[in-house]
Visitor: 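Structure incoming, see below.
Residue indices begin at 1 and follow the sequence shown.
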Amino acid sequence: MSDKLLSNGNQVTNVSCLLLPLLGTTLVVPNVTVAEMAPMTPVQEVAGTPDWFVGFYHWRNQKVPLLSYEVLNGGARYPLNPLGRIAVLNNTGVNPNLPFIAVATQGIPRMARIGEEDIAENEEIARGSFDLMRVKVGVEELVIPDIAALEASCLEVIGE
């Protein structure tokens, strides 16, 4: 995330990001990672799946695997927040048969422009299995998720 981007030959050292509120933490992802922030609607549950696999979210005539990031990282299962949103994430290329995955959030995300100089790895807090990195941006503690690992876990469950 802190890599420099090139724009018209000039170096740009900040990235437009979304901060996704979860229970007890906030994910930070580049805007381009998020296909859409969608409203919370009923989810098609799937019997016999792990607790973290909430079910399928119907989005734009597609069935998108919906997961609970908190449960994947060892937290307890909780009911979906009806005031939350669904973050539909673009795939990273792990498998072309899985173009999107979705993460249930606990509220409305907010935008932030994060510069390379604004971000520092937070090694004081242990990373969860699906945390790429824990960072501090100003006084906020945020998590950069390992989206490729999330996709791989979804693929294991849905059998692709």
Visitor: Measuring from atom CD of Glu141 to atom CD1 of Ile125, what distance do you get when rounded to the nearest 0.5 angstrom?
Guide: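 Rounded to the nearest 0.5 Å, the CD-CD1 separation comes to 3.5 Å.
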Visitor: My understanding is that only residues two or more places apart in sequence, or in another chain, count here; which of them pass side-chain contact (heavy atoms from CB on, under 4.5 Å) with Glu124?
Guide: Asn122, Lys136
Visitor: Does atom CD of Glu45 have more than 12 heavy-atom neighbours from other groups under 6.0 Å away?
Guide: no
Visitor: With side-chain hydrogen bond (donor to acceptor under 3.5 Å, both in side chains) as the rule and sequence neighbours excluded, what pairs involving residues 80-92 come up?
Guide: Thr92-Glu151
Visitor: Treating Asp131 as the side-chain partner and Met133 as the backbone partner, does any N or O pair qualify as donor plus acceptor under 3.5 Å?
Guide: no
Visitor: Take atom CZ in Arg77; do more than 12 heavy atoms of anything else shown fall under 6.0 Å from it?
Guide: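 Yes, because the 6.0 Å sphere around CZ of Arg77 holds more than 12 heavy atoms from other groups.
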Visitor: How long is the span from the CE atom in Met111 to the CE atom in Met37, to the nearest 0.5 Å?
Guide: 11.5 Å
Visitor: Would you give the length of the straight line joining atom SG of Cys17 to atom CZ of Arg110, rounded to the nearest 0.5 angstrom?
Guide: 11.5 Å
Visitor: List, by chain and number, the other hydrophobic cluster members for Val54, where Ile, Leu, Val, Met, Phe, Trp and Tyr join if side-chain heavy atoms come within less than 4.5 Å, directly or indirectly.
Guide: Met40, Val43, Tyr57, Trp59, Val64, Leu66, Leu80, Ile86, Val88, Phe100
Visitor: Salt bridge or not between Glu123 and Arg134? Use side-chain N to carboxylate O under 4.0 Å.
Guide: no
Visitor: Working to the nearest 0.5 Å, report the span between OG of Ser153 and CG of Leu67.
Guide: 8.5 Å
Visitor: What's in the same ILVMFWY side-chain cluster as Leu83, cut-off under 4.5 Å, chained through other members?
Guide: none
Visitor: Using side chain to side chain contact (heavy atoms under 4.5 Å, CB included), reason through Thr105 and Tyr69 one step at a time and then give a plain yes or no.
Guide: CA-CA 9 Å; Thr105 72; Tyr69 192 86; over 6 Å; no
Visitor: Take Leu72 and Ser129 through the test side chain to side chain contact (heavy atoms under 4.5 Å, CB included) and record every step on the way to the result.
Guide: CA-CA 8 Å; Leu72 264 170; Ser129 301; over 6 Å; no
Visitor: Give me each pair satisfying ring-ring contact (aromatic ring centres under 6.0 Å, His included) with a member in residues 29-54, each pair once, sequence neighbours excluded.
Guide: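 Qualifying pairs, neighbours excluded: Phe53-Phe56.
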Visitor: Just how far is it from atom CD1 of Ile119 to atom CD1 of Ile114, taken to the nearest 0.5 Å?
Guide: 5.5 Å
Visitor: Donor-acceptor pairs are to be reported for all side-chain atoms of residues 19-34 against protein atoms at under 3.5 Å, with residues two or more places apart or in another chain.
Guide:
| from | atom 1 | to | atom 2 | distance (Å) |
| --- | --- | --- | --- | --- |
| Asn31 | OD1 | Leu18 | N | 3.4 |
| Thr33 | OG1 | Pro30 | O | 3.4 |

Visitor: Roughly how far apart are Asp118 CG and Asn14 CG, rounded to 0.5 Å?
Guide: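 The CG atom of Asn14 is 8.0 Å from CG of Asp118, to the nearest 0.5 Å.
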